[in-house]
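Structure first, then comments.
These numbers come from a predicted model, not from an experiment.
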Amino acid sequence: PTPTSLPHLKQIHAQVLRSNLPPSLLLKPLLSSSSLDYALSVFAHLPKCHTPLSNKLFRSLSRSAKPETALLAYEKIRLKEGLLGIDRFSFPPLLKAASRASGLNEGKEIHGIATKLGFDKDPFVQTGLVGMYASCDRISEARLVFDKMSYRDVVAWSIMIDGYHQRGLYDDVLQLFEEMRSSNLKPDEMVLTTIISACGRARNLSYGEAIHDFIIENNFVLDTYLQSALLTMYASCGCMEMAQKLFTEISSRNLVVLTAMISGYSRVGRVEDARLIFDQMEEKDLVCWSAMISGYAESDKPQEALNLFSEMQVFGIKPDQVTILSVISACARLGVLDRAKWIHMYVDKNGFGGALPVNNALIDMYAKCGNLGAARGVFEKMQIRNVISWTSMINAFAIHGDASNALKFFYQMKDENIKPNGVTFVGVLYACSHAGLVEEGRRTFASMTNEHNITPKHEHYGCMVDLFGRANLLRDALELVETMPLAPNVVIWGSLMAACQIHGENELGEFAAKQVLELEPDHDGALVQLSNIYAKDRRWQDVGELRNLMKQRGISKERGCSWIELNNQVYEFVMADKKHEQADKIYEKLDEVVKELKLVGYTPNTSSVLVDVEEEGKKEVVLWHSEKLALCYGLMSEGKGSCIRIVKNLRVCEDCHTFIKLVSKVYGMEIIVRDRTRFHHYKAGVCSCNDYW
């Protein structure tokens, strides 16, 4: 056996006992070995132990996999020898053990004894106390000790800065770093790495760039840790040019760096570049799989997110809650109910069903997949609900046009002493807007400041403009825009512009569109709106000039697109689509449906077709809208009494709305359409929106 192996140490122990030598002779080699449990056993049987040897034991145990054993050893010494068994050198390792074991009560007791013995002014003890309180989530106490220190070396600053960082207090991190620089103490690489990380997490690019300049100016060696931190910071802030430069230069492309690049490219919408890096990785852990899945889910590519999740399972990698939340988000964006049901089953089967964030996400998912009952079912089964749970349910009712239940839940949550937040009010105001509840909306908006001390933001003013606009109170909407304390943004002017389009208010609509273009010159919606206004006035020359301008700038109107799920497969349609393998049959079905609907009074409404073509051409354009093609394909596949679900990326036009209502009546079908802003439930010739959308 080797000199420090356990069998050899046991032989020495036996020899010590046979020779009547003090057992403390054995502790020194034991503490130099990996047999700390055996050392602790020997230590427990010593009648008396010298303080320097005790301190060595504390240091070894505080660094071990079981730091709490250092605290146990300390308790045994206290019982045997009282305060005589410890000195000023005992406290740093004991405080380190309390930090690593999150032993706040033990740490406080050690603090008290250090004060009693007069060691609380020792800088090493003080540094240990800062670390202990910071590790035990008592950052204020840590700062109190830190501020009382007469001498603070770079280690003390580093521990305090890291304490703020671990708690997500990034502004405090940067402020404390400024204090450190003012004290003329030069930071080390560890401090700089923490500062750079804080800049990335706080999305503070300008400060991060300043730190990068500081590193270069002071000739710091860019080791792997600093390079990784800088790259991650730039990627987190969306500065991918600098991130890519560092990525090219870095010698060790570890998983952290590669995952940062994936997240960074995804964040700026370059998901293909993210996937390129992902595919080149030889090894992938759960974090990088989750980053890529999240990238797809947030880049409006939900189907790719779900495909990648399936691929991850093939590789035998089990998801965590972060992954599951991204997958649920992807299902919500896709709006396909069967996929939503599958992920819900997966969540329950794999033990995620009890997690509050997961249940909140499931509510949102079911609502966006058109099943309000399932969303409510998840809510009702939840043992614990927070403000997000209630808000998710209120938003669910709002997008389905059920303002009555949205308001009912809003008042109920207040009765249960759940304080609404800004997002809650967006949901309530949205519900009022889509139901035409103007006075209820006014009262709710006023209550934000009067009752709940919440300052309205752009999104709340946007809801109010939308509320007035939908109700054809366009002058009220304009007055609010002109008197609001915040500068109106694109969304607010866009809401007014959309309301003017609905109500045919061309003059104000032109004004609102021009305000949008002042803020965002390439805004496709505003340019199209202006073109439509000119077309209504038959100003074809202005229309041509505007469209030429759009062509020169590479701007095009967002193309209408609809999705329908049949037999666990999602089919996509665009306007006048001919790509589907059954395209001929779909158009035959469309002709058949139009004939049937004309028997009950349907006439194509061409008022929304603002191009200089003959009336018959306009009728064809209207009839070839993507949701009509998707619906006809659904009618070919589904029988009477079934439910057809369609997702549309734009607002449903008036003609399609009438068309689908009549189909639901003539064909005896329930049809659920999710457009850009809300759900429409069509049944027996009636829509849940009551023709107010």
Side-chain angles (χ1 to χ4, degrees), residues 337 370 400-401 501-504 536 560-567 571-693:
L337 185 60
H400 283 267
Q501 182 183 19
I502 291 169
H503 298 293
K536 277 185 179 178
C561 187
S562 296
W563 296 266
I564 183 170
E565 184 187 28
L566 295 168
N567 303 318
Y571 299 91
E572 182 181 308
F573 293 89
V574 294
M575 192 178 110
D577 206 330
K578 300 277 184 163
K579 295 193 304 293
H580 196 281
E581 59 184 17
Q582 296 189 61
D584 290 342
K585 290 184 178 179
I586 292 169
Y587 281 95
E588 284 176 17
K589 186 67 177 178
L590 177 60
D591 290 340
E592 174 198 310
V593 172
V594 171
K595 285 176 185 175
E596 289 284 339
L597 299 190
K598 282 182 176 178
L599 296 175
V600 292
Y602 171 67
T603 303
N605 181 347
T606 60
S607 62
S608 62
V609 182
L610 300 170
V611 289
D612 193 11
V613 296
E614 296 296 324
E615 188 62 27
E616 282 306 308
K618 289 184 177 183
K619 287 180 181 177
E620 284 190 344
V621 170
V622 166
L623 291 174
W624 292 345
H625 280 186
S626 62
E627 56 267 54
K628 289 192 181 81
L629 298 177
L631 176 57
C632 288
Y633 185 56
L635 291 172
M636 287 165 54
S637 310
E638 300 287 351
K640 191 171 184 177
S642 57
C643 180
I644 293 175
R645 297 172 185 273
I646 296 169
V647 177
K648 172 81 187 281
N649 67 330
L650 302 176
R651 181 180 183 269
V652 173
C653 74
E654 287 183 38
D655 183 72
C656 285
H657 193 261
T658 302
F659 185 92
I660 299 170
K661 278 199 302 180
L662 291 172
V663 168
S664 72
K665 181 179 181 180
V666 171
Y667 286 83
M669 310 282 283
E670 182 180 357
I671 303 162
I672 299 174
V673 177
R674 181 180 111 185
D675 72 5
R676 173 172 275 178
T677 59
R678 60 165 298 151
F679 276 87
H680 299 265
H681 294 252
Y682 302 92
K683 194 172 184 179
V686 178
C687 180
S688 59
C689 75
N690 294 318
D691 300 338
Y692 189 90
W693 86 105

Quick one: are [X] and [Y] in side-chain contact, heavy atoms under 4.5 Å?
| X | Y | value |
| --- | --- | --- |
| His580 | Ile586 | yes |
| Leu566 | Glu638 | yes |
| Arg645 | Ile564 | no |
| Val593 | Tyr602 | no |
| Lys598 | Thr603 | no |

Shortest non-hydrogen separation from [X] to [Y] and the atoms involved:
| X | Y | answer |
| --- | --- | --- |
| Phe679 | Ser688 | O-OG, 4.0 Å |
| Leu623 | Val594 | CD2-CG2, 3.8 Å |
| Cys689 | His657 | SG-NE2, 3.2 Å |
| Val666 | Leu597 | CG2-CD2, 3.9 Å |
| Leu629 | Val574 | CD1-O, 3.5 Å |

If I take atom [atom1] from residue [X] and atom [atom2] from residue [Y], how far apart are they, to the nearest 0.5 angstrom?
| X | Y | atom1 | atom2 | answer |
| --- | --- | --- | --- | --- |
| Tyr667 | Leu631 | OH | CG | 9.0 Å |
| Ile671 | Lys665 | CD1 | NZ | 13.5 Å |
| Ser562 | Glu572 | OG | CD | 9.0 Å |
| Glu588 | Met636 | CD | CE | 8.5 Å |
| Asn605 | Cys653 | CG | SG | 7.5 Å |
| Asp591 | Cys632 | CG | SG | 9.0 Å |

Parallel, tilted or perpendicular: which fits the ring planes of Tyr682 and His680, with parallel below 30° and perpendicular above 60°?
parallel

Does the plane of the ring in Trp624 sit parallel, tilted or perpendicular to the ring in Tyr587? Use 30° and 60° as the thresholds.
perpendicular

Does the side chain to side chain contact (heavy atoms under 4.5 Å, CB included) test come out yes or no for Ile644 and Glu670, once each step is laid out?
CA-CA 6 Å; Ile644 293 175; Glu670 182 180 357; over 6 Å; no

Check for a donor-acceptor pair, side chain of [X] on one end and backbone N or O of [Y] on the other, with a separation under 3.5 Å.
| X | Y | answer |
| --- | --- | --- |
| His625 | Glu627 | no |
| Lys628 | Val622 | yes |
| Asn649 | Gly560 | no |

Between Glu592 and Lys595, does any side-chain N to carboxylate O distance fall below 4.0 Å?
no

Stepwise salt bridge (Lys or Arg N to Asp or Glu O under 4.0 Å) check, Asp584 with Lys578:
CA-CA 8 Å; Asp584 290 342; Lys578 300 277 184 163; 6.0 Å; no

Side chain to side chain contact (heavy atoms under 4.5 Å, CB included) between Cys643 and Ile672, worked out
CA-CA 7 Å; Cys643 180; Ile672 299 174; 3.9 Å; yes

Test log, rule side chain to side chain contact (heavy atoms under 4.5 Å, CB included), inputs Val663 and Glu596
CA-CA 9 Å; Val663 168; Glu596 289 284 339; over 6 Å; no

Step-by-step side chain to side chain contact (heavy atoms under 4.5 Å, CB included) determination, Lys648 to Arg676
CA-CA 7 Å; Lys648 172 81 187 281; Arg676 173 172 275 178; over 6 Å; no

Would you verify whether the NZ or CZ of Lys579 falls within 45 degrees of the ring axis of Phe573 while also being under 6.0 Å from that six-membered ring's centre?
no

Have a look at His400 and tell me which of Arg674, His681, Arg678 forms a side-chain hydrogen bond (donor to acceptor under 3.5 Å, both in side chains) with it.
His681

Walk me through it: do Tyr633 and Asp577 pass the test side-chain hydrogen bond (donor to acceptor under 3.5 Å, both in side chains)?
CA-CA 12 Å; Tyr633 185 56; Asp577 206 330; over 6 Å; no

